[in-house]
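Each remark here refers to the structure printed beneath this line.
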2 protein chains.
Amino acid sequence: MKKQLSLKEIKSCPVEYVLNINDTLNVISGKWKLPIIGSVLFGKKRFTDIQRNISKITPRMLSKELKELELNGVLIRTVYETTPVSVEYELSQSGKLITEVLDKMIEWGVEHRKSVLKKS
Amino acid sequence: MKKQLSLKEIKSCPVEYVLNINDTLNVISGKWKLPIIGSVLFGKKRFTDIQRNISKITPRMLSKELKELELNGVLIRTVYETTPVSVEYELSQSGKLITEVLDKMIEWGVEHRKSVLKKS
DNA sequence: TTTATCACTATACTTTAGTATATCACTATA
DNA sequence: TATAGTGATATACTAAAGTATAGTGATAAA
């Protein structure tokens with residue numbers, strides 16, 4: 001098994017640095033992951049709720065991405081044995097915390113745009 | 001021209017939220033952008049330096065990605081009229097600041113992995 | 001009886017991202 | 001004269017990501 005490195009060790013090793021960022025990047029990149037996270041950000045949602053929320057997503061993509069997000073521990077999937085079954089998706093504890101990363105991205109983006117506009 | 005929204009306005013509008021994160025995401029996603037940023041993180045680098053640094057990248061990809069990063073205002077390209085010409089790439093001011101986002105990503109990733117391991 | 005809802009899956013397709021390999025014009029060194 | 005280094009570009013390809021469209025089985029309402 002791979003040794004767990006400390007934050008300090010990761011940030012000081014270029015290879016680990018890139019690998020660890022990629023791990024996080026994989027959780028949020030692709031066309032639909034972010035909209036899905038956005039959709040469940042304010043509480044539990046069902047499959048069709050999310051689908052209605054993100055009008056252009058196909059069920060194939062939604063199903064695929066939900067599975068991946070669940071596998072990655074970002075979403076929690078709960079099945080209720082009603083008829084027909086209902087399934088609810090919600091953010092896990094660390095799924096909720098990813099907003100800290102997202103907010104940082106927005107902040108950088110806004111500042112970056114300012115500095116690009118200034119120069120042109 | 002599009003109105004510049006404040007941080008508050010962006011964070012409170014789901015559509016703007018996703019759009020703005022995507023802007024930042026586009027700067028760092030893809031197979032090679034992060035390794036390139038990593039390579040120039042500690043100072044100016046030339047085309048072949050970066051190529052040697054990232055041993056598996058093809059010149060086509062390196063050229064393509066450098067162009068995109070320059071266009072996005074993350075990298076600055078300087079041409080020196082030596083013979084043969086030499087070209088140096090370095091991070092712009094806000095290019096340097098993107099490390100704040102990257103560090104946040106590492107921090108979340110490390111905590112997230114901990115919480116996933118705990119549960120299994 | 002037809003239609004709709006639920007949460008999906010199957011198949012075939014297109015589009016985008018990335019790879020492989022060769023080449024450019026120039027110059028300096030062996 | 002042959003070879004290597006400079007910073008790339010051209011063409012053709014494969015692989016990955018995403019789209020389009022139809023269909024599943026159970027149930028319940030019109």
Side-chain angles (χ1 to χ4, degrees), chain A residues 18-19 21-40 43-72 74-91, chain B residues 18-19 21-40 43-72 74-91:
Chain A
V18 168
L19 284 178
I21 297 166
N22 268 323
D23 283 350
T24 301
L25 217 43
N26 285 337
V27 171
I28 51 178
S29 63
K31 190 170 178 184
W32 300 114
K33 300 231 181 66
L34 229 39
I36 292 171
I37 290 172
S39 170
V40 295
K44 294 184 178 185
K45 285 271 172 72
R46 318 228 328 236
F47 193 93
T48 30
D49 293 334
I50 304 173
Q51 205 177 191
R52 267 189 290 266
N53 234 239
I54 309 168
S55 58
K56 283 172 189 165
I57 197 169
T58 60
R60 182 190 191 280
M61 271 296 127
L62 182 52
S63 166
K64 200 172 151 286
E65 302 289 59
L66 286 172
K67 248 177 221 162
E68 247 187 274
L69 288 166
E70 195 202 350
L71 201 75
N72 287 339
V74 174
L75 287 185
I76 294 168
R77 180 178 185 268
T78 319
V79 182
Y80 298 94
E81 293 301 339
T82 54
T83 46
V85 284
S86 46
V87 180
E88 285 188 336
Y89 294 92
E90 62 187 312
L91 286 172
Chain B
V18 168
L19 284 177
I21 297 166
N22 268 324
D23 282 351
T24 302
L25 216 45
N26 285 337
V27 171
I28 51 177
S29 64
K31 190 170 177 182
W32 300 114
K33 299 232 182 64
L34 228 39
I36 292 170
I37 291 171
S39 171
V40 295
K44 293 184 179 183
K45 285 271 171 73
R46 317 221 337 230
F47 192 93
T48 32
D49 292 334
I50 304 173
Q51 205 176 191
R52 266 189 290 266
N53 234 239
I54 309 169
S55 57
K56 284 172 190 166
I57 198 170
T58 60
R60 182 190 190 280
M61 272 296 126
L62 183 52
S63 166
K64 200 172 151 285
E65 301 291 57
L66 285 172
K67 246 177 222 160
E68 246 187 276
L69 288 165
E70 194 202 350
L71 202 76
N72 287 339
V74 175
L75 287 185
I76 295 167
R77 181 178 185 269
T78 319
V79 182
Y80 298 94
E81 294 300 340
T82 54
T83 46
V85 285
S86 46
V87 179
E88 284 188 338
Y89 293 91
E90 62 187 312
L91 286 172

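Chain letters run A, B, ... following the sequence lines, proteins first, then strands; residues in each count from 1.
Atom pair B/Lys44:NZ and D/dG7:P shows a separation of 14 Å (rounding to whole Å applied). Rounded to an integer number of Å, the gap from B/Arg52 CZ to D/dA4 P is 14 Å. B/Lys45 has its NZ atom 17 Å from the C1' atom of D/dG7, to the nearest Å. The distance from atom NZ of B/Lys31 to atom P of D/dA16 is 9 Å, rounded to the nearest whole Å. Taking atom CD of B/Glu81 as the reference point, atom P of D/dT6 lies 17 Å away to the nearest angstrom. For B/Glu68 and C/dT16, the CD to P distance is 14 Å, given to the nearest whole Å. Computed from coordinates, the B/Ile54 CD1 to C/dG18 P distance equals 13 Å when rounded to whole Å. Taking atom CG on A/Leu34 and atom P on D/dG18, their separation rounds to 12 Å, with Å as the unit.
Checked by distance alone, A/Arg60 brings a side-chain donor or acceptor within 3.5 Å of a matching partner on the base of C/dT11.
Nucleic acid contact class of A/Ser86 (heavy atoms, under 4.0 Å, all strands): sugar-phosphate only. Residue contacts shown for A/Tyr80 are absent, as no nucleic acid heavy atom lies under 4.0 Å away.
Distances shown here put a side-chain N or O of A/Lys67 below 4.0 Å from the OP1 or OP2 atom of C/dT9. The shortest distance between the side-chain N/O atoms of A/Lys64 and the OP1/OP2 oxygens of D/dA17 is not below 4.0 Å. Between B/Ser63 and the phosphate of D/dT9, there is a side-chain N or O to OP1/OP2 separation shorter than 4.0 Å. A sub-4.0 Å separation between OP1 or OP2 of D/dT6 and a side-chain N or O of B/Thr48 is present.
Pairing for C/dT21 goes to D/dA10, judged as Watson-Crick or G-U wobble with the two contacts each under 3.5 Å. Pairing of C/dT3, defined by two Watson-Crick or G-U wobble distances under 3.5 Å, is identified with D/dA28. Pair assignment for D/dT1 gives C/dA30, based on Watson-Crick or G-U wobble hydrogen-bonding distances that are each under 3.5 Å.
Nearest nucleotide to the side chain of B/Phe47, out of D/dG18, D/dG7, D/dT27: D/dG7. Residue B/Trp32 has its side chain nearest to C/dG18 when only C/dA20, D/dA20, C/dG18 are considered. When distances are taken from the side chain of A/Glu65 to each of C/dA7, D/dG18, C/dT5, the shortest belongs to D/dG18. Proximity note for A/Met61 (side chain, C-beta onward) versus C/dT19, D/dG18, D/dT6: the nearest is D/dG18. Proximity note for A/Pro59 (side chain, C-beta onward) versus D/dA28, D/dG7, D/dA22: the nearest is D/dA22. For A/Thr58, whose side chain is taken as the heavy atoms from C-beta onward, the closest listed nucleotide among C/dC6, D/dT19, C/dA7 is D/dT19.
Ranked by how close their nearest DNA chain D nucleotide is to the 5' end, A/Thr83 and A/Ser29 are led by A/Ser29.
Between A/Glu65 and A/Lys31 there is no salt bridge, since none of the side-chain N atoms of the basic residue sits less than 4.0 Å from a carboxylate O of the acidic one.
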Would you sort out whether B/Val40 and B/Asp49 count as a side chain to side chain contact (heavy atoms under 4.5 Å, CB included), showing the intermediate values?
CA-CA 10 Å; B/Val40 295; B/Asp49 292 334; over 6 Å; no
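By the 4.5 Å heavy-atom criterion applied to side chains, A/Asp23 and A/Leu19 are not counted as neighbours.
Looking at every heavy atom in both residues, B/Ser29 comes nearest to A/Leu25 through CA-CD2, 4.3 Å.
The closest donor-acceptor contact from the side chain of A/Lys64 to the backbone of A/Arg60 lies at 3.5 Å or more, if one exists at all. Within the 3.5 Å criterion, the main-chain N or O of A/Pro59 finds no donor-acceptor partner in the side chain of A/Ser63.
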